[in-house]
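Notes follow once the structure below has been shown.
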Amino acid sequence: MGRVAELAGVSVRTLHHYDDIGLVRPSARTTAGYRAYTPADVERLREVLAYRRLGFGLREIADLVDDPATDAVAHLRRLRGLLLDQRDRAAAMVTAIDRELEARKLGIHTTPEDQLKVFGAQLYDTIGSAYPATRRTEPRIAAQVWDALGDARTVLNVGAGTGSYEPPDRDVTAVEPSAVMRAQRPAGSAPCVAASAENLPFADQSFDAAMAFSTVHHWQDPIAGLREMRRVARRVVVFTHDDSDTGWLKRFWLTRDYLPEVANLVVGRPSVDRLAHVIEARIEPVLIPWDCADGFFEAYWRRPEAYLDEHVRRAISVWTRVGPEAERRAVDELRDDLSSGRWTERNRELLGLGAAELGLRLLVA
Ligand SMILES: C[S@@+](CC[C@H](N)C(=O)[O-])C[C@H]1O[C@@H](n2cnc3c(N)ncnc32)[C@H](O)[C@@H]1O
């Protein structure tokens, strides 16, 4: 124990505490009868200490390291992403402080907004590590996107995340601002540049096509981002949600009966017609198959029990954005209605459908 404490830079008391609460136990014994850490115990200790240093609480850490779905490599990838994120944020804060010092020297006072901006976390740096659990390629939707890319050989994927919709048979370059998401891209995936849609670091017309999948609603300035895609590529393909058609909020039982707060999240977003107009795109509807493999917000329209699963919800930004109170209430009500049969009574007609139209659109320009 003493040797491990010394190597890890923590006190023996800390190790005793982790042992007492069952977080990391030295599971072996030396020939002299002393308790000792096996290589597996040390691996677990390394994960615990790294999450601790990132500011997680011991209870949260216990859930993380005990999750059977996360192996050592997945933990390393997640930790790497979180650490890069911390580094990026610290660098951004240093730059902002330097700017303010410079401004003060010149007698200029920064606005309160400017002073606070530096602390604003990127949403996907906060929730991104939960993403890969349920977010993956839905082959039928991917086929529609890849078809729209036509004969493009070079493709820029903007807001690429973990790369679920990158066509395997083309030369892809990815753009993704979140360090956590970049760190979770599978080994061997397309090269990924840290940048945002609004400011693409590429020359005019340098790609045959640019695509953006399920990301435009996260951009600070969707119009500027689409103009950038248009600038760097001959063809543009965007998969997004038609938020101006608020009809889907009523058609989808989850928003209609349990989570009406979603309506507040879409207020002020540009309509799909406006987005299409900016890039002169045609609009195609995208149907969601009943067994959709990609766990986005509407994906489980015929599998309501899925929304009771914390892993499913954590991989969908809407659930974080509505806040914990609305989430708790919606999940409790849905659970009750599922067990009483009320959900089935209300939504019986869905059970016979193979695909649903819930406002998803493909813009092709
Ligand atoms: C719902 S995820 C979609 C990821 C990926 N396209 C997919 O389908 O799996 C949204 C992504 O948009 C990224 N994003 C947020 N703001 C962005 C911006 N201004 N420019 C480009 N990407 C952005 C997020 O970091 C996140 O990875």
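Counting convention: from 1, in listed order, for ligands and their atoms alike. Heavy-atom basis, side chains included; hydrogens, waters and symmetry copies ignored.
For D63, the salt bridge (Lys or Arg N to Asp or Glu O under 4.0 Å) test picks out no residue, with sequence neighbours left out.
On a distance-only criterion, Y131 and ligand 1 share at least one N/O pair closer than 3.5 Å. Taking distance alone, with nitrogen or oxygen atoms compared against 3.5 Å, E176 approaches ligand 1 more closely than that limit. Checking only distances, G163 never comes within under 3.5 Å of ligand 1, N or O to N or O. Geometrically, ligand 1 and Y165 share no nitrogen or oxygen pair separated by less than 3.5 Å. Of the polar atoms of V158, none of the N or O atoms is found under 3.5 Å from an N or O of ligand 1, judged by distance alone. Between A197 and ligand 1, at least one N/O pair is under 3.5 Å apart.
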Applying salt bridge (Lys or Arg N to Asp or Glu O under 4.0 Å), run through R136 and D294 and close with a yes or a no. CA-CA 5 Å; R136 49 187 78 96; D294 187 355; over 6 Å; no
Working for side chain to side chain donor-acceptor pair (under 3.5 Å), residues N199 and S196: CA-CA 6 Å; N199 200 358; S196 295; over 6 Å; no
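Residue-ligand proximity, S214 to ligand 1, at heavy-atom distances under 4.0 Å covers atoms 1 (C), 2 (S), 3 (C), 10 (C). Each of the following atoms of ligand 1 lies closer than 4.0 Å to a heavy atom of S196: 19 (N), 20 (N). In the vicinity of M181, heavy-atom distances shorter than 4.0 Å reach the ligand 1 atoms 27 (O). Numbered from 1 in the order shown, with element, the atoms of ligand 1 that lie under 4.0 Å from a heavy atom of S178 read 25 (O). Of all the atoms in ligand 1, the ones that sit under 4.0 Å from a non-hydrogen atom of G159 are 4 (C), 5 (C), 6 (N), 11 (C), 21 (C), 22 (N).
No continuous path of ILVMFWY side-chain contacts below 4.5 Å connects L287 to I283, so the two sit in separate hydrophobic clusters. A continuous path of hydrophobic side-chain contacts links F56 to L49 [ILVMFWY only; heavy atoms under 4.5 Å].
Of the candidates V216, V145, T215, V180, the one placing a heavy atom closest to atom 14 (N) of ligand 1 is T215. When the heavy atoms of A160, A224, S164, A212 are ranked by distance to atom 5 (C) of ligand 1, first place goes to A160.
Ring centroids of F252 and F297 are separated by less than 6.0 Å, placing the two rings close together.
Of the options W343, Y258, W253, a ring pair (Phe, Tyr, Trp, His ring centres under 6.0 Å) to Y307 is made by W253 and by none of the others.
Identified under the side-chain hydrogen bond (donor to acceptor under 3.5 Å, both in side chains) test for residues 141-163, with sequence neighbours left out: Q144-E284, T154-D208, N157-E166.
Within the 4.5 Å cutoff, the side chain of T134 has heavy atoms near those of the Y300 side chain.
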